[in-house]
Amino acid sequence: MMDKLQSFAPVIGDQPKVLIVGSMPSKKSLKEQEYYGNPRNHFWPIMYHILNEKAVETYSEKLHLMKKYHLALWDTVGYCYRQGSLDMHIQEEEPNDIAGLLKAYPTIQLIACNGTKAYQMFQKFIAPVLQQEVDVIKLPSTSPIPGKYNKTFEEKIEAWRVVTTYLEDIRS
């Protein structure tokens, strides 16, 4: 019998511009109670590169960095059953209320889906109920799991740079 998993609450500061959504936190992330808590995941190193910031040590510093750049984090899946950490094993998923979050934070201009599963879940559950215009893109997964569609770290950085185009007025 698998336990029902619950994703984290959104990380969101004032005037968010970009909402980055994953599918469901990995087993390691759930254990650590941190978004992208597996040290092998490329998410945080990619963020440091595209934001031109030095790596920080603590999770609270990472979250501060997200809020400083008006980036928000959440997951498309709020609850599910899953054995292990692979997205392909997600079952009986229930979505998070991303449409409600967008209503509460109309400053969000982009939803950046971290990988294929996040994008598929967004299209299945959230896109049909959206009531406002927002750009939605699928970015390469930051997962370190190799696969035939996985990109190199450098290719991921280049793809993820699109996020910064929504932050230009903040960064200048």
Side-chain angles (χ1 to χ4, degrees), residues 3-80 82 84-87 90 95-98 100-102 104-105 107-115 117-119 121-122 137-146 150-172:
D3 291 332
K4 190 172 191 177
L5 303 177
Q6 179 179 356
S7 69
F8 307 133
V11 169
I12 197 156
D14 296 333
Q15 306 289 309
K17 299 266 189 172
V18 176
L19 173 62
I20 299 169
V21 293
S23 52
M24 169 61 78
S26 70
K27 203 172 177 181
K28 174 82 170 156
S29 293
L30 289 168
K31 182 180 179 213
E32 299 297 323
Q33 286 294 290
E34 296 181 2
Y35 278 101
Y36 307 102
N38 186 330
R40 292 180 40 234
N41 192 291
H42 295 150
F43 180 80
W44 294 111
I46 288 170
M47 289 297 108
Y48 304 142
H49 271 83
I50 69 172
L51 299 173
N52 199 24
E53 288 278 350
K54 291 181 182 157
V56 296
E57 293 298 316
T58 68
Y59 185 59
S60 64
E61 290 173 308
K62 291 173 182 176
L63 298 185
H64 176 75
L65 191 66
M66 293 292 98
K67 292 174 185 177
K68 172 184 169 183
Y69 284 100
H70 301 268
L71 298 167
L73 299 174
W74 210 12
D75 288 301
T76 52
V77 177
Y79 297 92
C80 72
R82 181 187 64 203
S85 292
L86 297 178
D87 284 348
I90 290 174
N96 274 319
D97 184 16
I98 291 175
L101 186 88
L102 293 174
Y105 294 92
T107 55
I108 295 173
Q109 302 167 6
L110 172 68
I111 296 175
C113 298
N114 186 349
K117 188 66 163 188
Y119 183 76
M121 293 293 107
F122 182 88
I137 58 172
K138 178 177 81 164
L139 292 169
S141 173
T142 60
S143 169
I145 306 285
N150 218 354
K151 300 195 177 300
T152 67
F153 181 70
E154 291 73 23
E155 290 171 327
K156 290 177 186 181
I157 289 171
E158 281 312 304
W160 276 80
R161 282 193 196 284
V162 68
V163 167
T164 64
T165 63
Y166 288 80
L167 311 175
E168 290 305 317
D169 57 325
I170 295 166
R171 293 169 50 99
S172 49

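For the pair L101/N96, no side-chain contact is recorded, criterion being any heavy-atom separation below 4.5 Å from C-beta on. Side-chain atoms of M47 and I20, non-hydrogen and from C-beta on, do get closer than 4.5 Å to each other. Between L139 and N114 there is no side-chain heavy-atom pair separated by less than 4.5 Å. Side-chain contact between T164 and Y69: absent, with no pair of heavy atoms (C-beta onward) separated by less than 4.5 Å. Between Y35 and D75 the shortest side-chain heavy-atom distance falls below 4.5 Å. For the pair P39/K28, a side-chain contact is recorded, criterion being any heavy-atom separation below 4.5 Å from C-beta on. When side chains are defined from C-beta on, M66 counts as touching L51, because their heavy atoms get closer than 4.5 Å. Side-chain contact between L73 and F43 is present, with heavy atoms from C-beta onward closer than 4.5 Å.
With W74 contributing its side chain and F8 its backbone, the two residues share a donor-acceptor pair below 3.5 Å. Under a 3.5 Å cut-off, the side chain of W160 and the backbone N or O of P140 do form a donor-acceptor pair. A donor-acceptor pair is defined here as one N or O able to donate and one able to accept, closer than 3.5 Å; such a pair exists between the side chain of H70 and the backbone of D14. A donor-acceptor pair under 3.5 Å is absent between the side-chain atoms of K17 and the main chain of T107, judged by distance alone.
The nearest pair of heavy atoms linking L167 to V163 is CG-O, 3.6 Å. Residue M24 comes nearest to L5 through the heavy atom pair CE-O, 3.9 Å, listed as atom of the first residue, atom of the second, then distance. Nearest approach of S23 to K117, heavy atoms of both residues: CB-CG, 4.0 Å. The minimum heavy-atom distance linking L30 with Q33 is given by the pair O-NE2, 2.8 Å. In plain terms, the two heavy atoms of S29 and N38 that are nearest each other are OG-N, 3.7 Å. T76 and A118 get closest at one heavy-atom pair: CG2-O, 3.4 Å.
Applying the salt bridge (Lys or Arg N to Asp or Glu O under 4.0 Å) test to residues at least two apart or on different chains, the pairs with a partner in residues 43-62 are E53-K68. Within the structure, ring pair (Phe, Tyr, Trp, His ring centres under 6.0 Å) contacts touching residues 11-33 (residues at least two apart or in different chains) do not occur.
Rounding to the nearest 0.5 Å places CD1 of I46 at 6.0 Å from OG1 of T142. With rounding to the nearest 0.5 angstrom, the CG atom of D97 is 9.0 Å from the CG atom of L102. Atom-to-atom distance recorded for I50:CD1 and E158:CD is 10.5 Å, nearest 0.5 angstrom. The line from NZ of K151 to CD1 of I157 is 13.5 Å long, rounded to the nearest 0.5 Å. In this structure, OG in S143 is found 7.5 Å from CZ in R40, a value given to the nearest 0.5 Å. Here the CZ-CD1 distance, from F122 to I98, works out to 6.5 Å after rounding to the nearest 0.5 Å.
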Next item on the list: Go through Y48 and V56 one step at a time and tell me if the side-chain contact (heavy atoms from CB on, under 4.5 Å) criterion holds.
Entry: CA-CA 9 Å; Y48 304 142; V56 296; 3.6 Å; yes

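Under the rule for a side-chain hydrogen bond (donor to acceptor under 3.5 Å, both in side chains), the partners of Y79 that lie at least two apart in sequence or sit in another chain are Q6.
Using modelled atom types, one finds no donor on one side chain facing an acceptor on the other under 3.5 Å when comparing S26 with N41.
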